[in-house]
Amino acid sequence: MSERSFLSILTGSFSSPSKGNPTVAMIEAGYKATGLNARYINCDVPAERLGNAIKGAVAMGWVGFNCSIPHKVAILEHLDELAESARLIGAVNCTAIKDGRLIGHNTDGKGFLESLKTVTDPSGKNVLILGAGGAARAIAVETALAGAKKITIVNRKVEKAKEIAKIINDNTDCESEGLEWSGDYKIPQDIDILINATPIGFGDAEALPPVDFESLRKEVIVADVIPNPPKTHFLRKAEERGCKTLNGLGMLVNQGRIGVNIWLGKMLDADVMTKTLRDIFEA
Ligand code: NDP
């Protein structure tokens with residue numbers, strides 16, 4: 001008879017605030033469904049305690065952790081290695097601990113890409129991203145690395161859009177430009193994929209990014225990063241135009257699955273994780 005183990009594999013998350021982050025429920029549901037003796041511990045770690053939290057994780061033999069606000073950039077100075085896309089994005093949300101070494105990854109853009117590929121391959125496509133924050137930056141870099149032909153980033157503060165465009169132009173074969181977003185943005189007719197990467201619509205089913213929906217062709221694939229509510233006003237407007245849409249749940253689920261795969265070499269069940277999030281968001 002094999003010996004039972006009462007020692008779990010440890011993973012988790014460092015952020016602050018962390019109380020409202022449902023990732024723990026999603027990942028532990030995935031662990032359970034796969035029969036893994038692993039735990040994901042949601043830790044509230046303020047900025048000044050990140051260094052000690054990392055030392056604690058290494059000391060306790062954690063195999064990896066996610067990090068969110070306010071640590072995604074601050075963590076860089078604690079790492080021994082950086083994956084290529086995390087280096088280009090300039091932020092890390094997933095760290096693997098291997099033999100005491102810390103290896104930083106960014107799974108936000110990869111999670112989006114995995115989700116996008118269920119509806120279209122971005123290779124050779126023209127992409128328009130609304131917003132130029134952390135999510136936009138991760139999505140732009142991964143979509144460029146996946147072979148997009150052109151990526152246009154529009155933002156109120158145009159310098160942030162131009163900064164992302166420069167990273168893409170300097171490091172990938174994709175062409176990119178950053179433009180100012182003022183008034184209702186008219187979608188150029190050569191766009192294949194439109195992505196809302198702003199927080200507009202988060203927790204508000206009526207909020208709507210300023211876009212001229214009359215200019216949206218029905219052939220455009222329209223995606224939103226907002227996971228809650230999954231069916232945003234932006235996606236409803238796109239559906240009214242006849243567009244195929246993609247909600248932000250897939251990005252959230254897939255960035256979690258990709259992180260676990262980096263730590264444990266196992267892809268968790270996406271359906272179980274999606275259902276867990278839906279139940280939480282609809283409660
Ligand atoms: P940031 O704060 O880094 O960036 C927000 C961006 O949105 C900025 O470019 C900002 O423009 C723009 N923006 C904000 N409000 C408005 C507005 N009213 N009108 C026009 N532009 C606006 O946020 P993140 O990139 O980190 O996150 C964005 C969203 O993505 C969040 O809602 C987050 O929950 C979601 N997200 C979802 C994930 C998922 O797995 N589904 C993963 C990561 C993020 P400006 O620079 O001009 O201020």
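Just so you know, ligand 1 is whichever comes first in the structure, and atom 1 is the first atom listed for that ligand. Below, each value reflects all heavy atoms present in this structure, side chains not excepted, and no hydrogens, waters or symmetry copies.
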Could you find the nearest protein heavy atom to atom 23 (O) of ligand 1 and give me its residue, atom name and distance?
G134 N, 4.5 Å
Could you tell me whether L130 approaches ligand 1 through its side chain, its backbone, both or neither, with non-hydrogen atoms closer than 4.0 Å?
neither
Minimum-distance protein heavy atom relative to atom 21 (N) of ligand 1
R156 NE, 3.6 Å
Return yes or no for this condition: an N or O of K160 is under 3.5 Å from an N or O of ligand 1.
yes
Answer with side chain, backbone, both or neither: which part of M251 has a heavy atom less than 4.0 angstrom from an atom of ligand 1?
both
R257 (side chain) donor-acceptor with G30 (main chain) under 3.5 angstrom
no
So, the side chain of S8 versus the backbone of L10: is there a donor-acceptor pair under 3.5 Å, distance only?
no
Can you report which non-hydrogen protein atom sits closest to atom 19 (N) of ligand 1, along with the distance?
I200 CD1, 3.4 Å
Mode of I226 contact toward ligand 1 - side chain, backbone, both, neither (heavy atoms, under 4.0 Å):
side chain
Under 6.0 Å between the ring centres of Y40 and W62?
no
Ligand-residue contact atoms, ligand 1 with F202, heavy atoms, under 4.0 Å:
32 (O), 34 (O)
Sole candidate of D190, D192, T143, T120 that passes side-chain hydrogen bond (donor to acceptor under 3.5 Å, both in side chains) when paired with K125
T120
Are any of the N or O atoms of W181 closer than 3.5 Å to those of ligand 1?
no
Students should be able to answer this: which protein heavy-atom is nearest to atom 41 (N) of ligand 1, and at what distance?
V225 O, 2.8 Å
Could a heavy atom of A197 be found less than 4.0 Å from some atom of ligand 1?
yes
Where is the nearest protein heavy atom to atom 25 (O) of ligand 1: which residue, which atom, and how far?
A135 N, 2.8 Å
P227 to ligand 1: N or O pair under 3.5 Å?
no
Given V92, which of L82, N106, I103 fulfils the side-chain contact (heavy atoms from CB on, under 4.5 Å) condition?
L82
Any idea which protein heavy atom is nearest atom 10 (C) of ligand 1, and the distance to it?
N155 OD1, 3.8 Å
Out of A91, A136, G133, P199, indicate the one that has the non-hydrogen atom closest to atom 7 (O) of ligand 1.
P199
Taking distance alone, with no angle check, do K157 and ligand 1 share an N/O pair under 3.5 Å?
yes
Which heavy atom of W181 sits nearest to which heavy atom of P209, and what is that distance?
CH2-CB, 4.0 Å
Protein non-hydrogen atoms only, distance under 4.0 Å: does atom 14 (C) of ligand 1 have such a neighbour?
yes
Below 4.0 angstrom from a heavy atom of G131, which ligand 1 atoms are there? Numbered from 1 as shown, please.
9 (O)
Are the side chain of S115 and the backbone N or O of G111 linked by a donor-acceptor pair below 3.5 Å?
no
Check each of T11, N93, I54 against F65 using the side-chain contact (heavy atoms from CB on, under 4.5 Å) test, and report the only one that passes.
I54
Would you say the side-chain atoms of W263 pair up with the backbone N or O of T95, donor to acceptor, closer than 3.5 Å?
yes
State whether R236 and E206 are salt-bridged, where the test is any N-O pair (Lys NZ or Arg NE/NH1/NH2 against Asp/Glu carboxylate O) under 4.0 Å.
yes
Ion pair present between D279 and K275, side-chain N to carboxylate O less than 4.0 angstrom?
yes
